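In what follows, a single structure is set out as structure tokens and then discussed.
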Amino acid sequence: MINRLNALALACVLTAVAAPALAQDASQTANFGEVRLSAGFTPDPHAVTMVAGGTIDASRLGNGCVGKISNAPDYQVTYTAGGLPLVFRTRSGEDTTLVINGPNGSWRCDDDSYGDGDAEVRFNNPQSGVYDVWVGTYGSTPGRAQLLITETP
């Protein structure tokens, strides 16, 4: 009996160690605020200045996610969709990354698609709902960044 209990305890510990710890908590208040946007919003792009980066390794999320991000989202967008794409971009002197948790709970990530070390995540047929956005840095140094939200490719 004791051997089975020890084996069970060991299996539980190994399972806990092997499972990725997803520390991103979309229920927390966004670090740099939130906005409600509807298709056709102006001004386009909607721009937010922030400090990118954090202490959490985004690669734990899988899906090609990279960079260092914070626990809470950096920005929260509640979006009412129309017939236009919804695009998130970064602009910074640092090498930035994007991590987005969409309305359906799926994670989308990018590093460098916008060029010059900046990231871009595009939703060609966006859903209405909440988009939680993390702006990370590829290195461990936080940096000043701008998040751009646009419907204009």
Side-chain angles (χ1 to χ4, degrees), residues 13 15-153:
V13 168
T15 301
V17 170
L22 300 181
Q24 284 56 57
D25 188 351
S27 69
Q28 289 190 5
T29 301
N31 297 323
F32 297 96
E34 60 185 78
V35 68
R36 290 184 172 277
L37 298 173
S38 295
F41 62 85
T42 57
D44 185 346
H46 175 80
V48 183
T49 300
M50 62 182 62
V51 176
T55 59
I56 297 168
D57 186 350
S59 68
R60 295 196 274 178
L61 294 167
N63 299 325
C65 298
V66 295
K68 297 291 189 174
I69 58 175
S70 65
N71 185 36
D74 288 313
Y75 203 63
Q76 186 178 74
V77 179
T78 303
Y79 182 69
T80 304
L84 299 170
L86 181 63
V87 182
F88 296 85
R89 295 176 175 148
T90 61
R91 187 169 33 202
S92 176
E94 301 293 324
D95 186 356
T96 53
T97 66
L98 272 172
V99 174
I100 300 177
N101 186 248
N104 65 357
S106 67
W107 294 92
R108 300 272 304 269
C109 301
D110 185 68
D111 176 34
D112 297 341
S113 287
Y114 192 47
D116 196 29
D118 293 323
E120 177 179 279
V121 172
R122 174 189 294 263
F123 295 88
N124 287 323
N125 297 300
Q127 298 176 328
S128 293
V130 175
Y131 293 79
D132 290 301
V133 181
W134 286 262
V135 178
T137 53
Y138 193 76
S140 57
T141 305
R144 196 168 160 84
Q146 196 172 43
L147 173 66
L148 304 171
I149 305 163
T150 183
E151 295 173 315
T152 305

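In this text the structure is predicted, and so the values were computed from the model without any measurement. Each residue takes its place number in the sequence, starting with 1.
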Could you tell me whether a side-chain N or O of [X] sits under 3.5 Å from a main-chain N or O of [Y], the two making a donor and an acceptor?
| X | Y | answer |
| --- | --- | --- |
| N104 | S106 | yes |
| T90 | A119 | yes |
| W134 | S70 | yes |
| D110 | E120 | yes |
| S128 | A81 | yes |
| D132 | N101 | no |
| R108 | R122 | yes |

Find out whether [X] and [Y] are in side-chain contact, i.e. whether some heavy atom of one side chain is under 4.5 Å from a heavy atom of the other.
| X | Y | value |
| --- | --- | --- |
| D118 | S92 | yes |
| T78 | V35 | no |
| V133 | D74 | no |
| I149 | L37 | yes |
| C109 | V99 | yes |

Looking at [atom1] of [X] and [atom2] of [Y], how far apart are the two atoms once the value is rounded to the nearest 0.5 Å?
| X | Y | atom1 | atom2 | result |
| --- | --- | --- | --- | --- |
| L148 | R91 | CG | CZ | 4.5 Å |
| F41 | L84 | CZ | CG | 9.0 Å |
| L147 | I100 | CG | CD1 | 7.5 Å |
| R60 | C65 | CZ | SG | 12.0 Å |
| L61 | W107 | CG | CH2 | 5.0 Å |
| Q76 | T29 | CD | OG1 | 8.5 Å |

**Request:** Anything under 30° is parallel, anything over 60° is perpendicular, the rest tilted; go ahead and classify F123 against Y131.
**Result:** perpendicular
Tell me the closest heavy-atom pair linking [X] and [Y], and the distance in Å.
| X | Y | answer |
| --- | --- | --- |
| A52 | G136 | CB-O, 4.0 Å |
| A72 | Q28 | CB-OE1, 3.0 Å |
| D112 | G117 | OD1-CA, 3.1 Å |
| I69 | A58 | CD1-CB, 3.9 Å |

**Item:** Residue of the set R36, E151, Q127 for which side-chain hydrogen bond (donor to acceptor under 3.5 Å, both in side chains) holds with Y79
**Value:** E151
**Asked** Restricting to pairs with a member in residues 40-58, which pass side chain to side chain donor-acceptor pair (under 3.5 Å), not counting sequence neighbours?
**Response** D44-T150, D44-T152, H46-Y75, D57-S59
**Prompt:** After noting the C-alpha distance and the side-chain angles of V135 and L98, does the key distance pass the side-chain contact (heavy atoms from CB on, under 4.5 Å) rule?
**Reply:** CA-CA 5 Å; V135 178; L98 272 172; 4.0 Å; yes
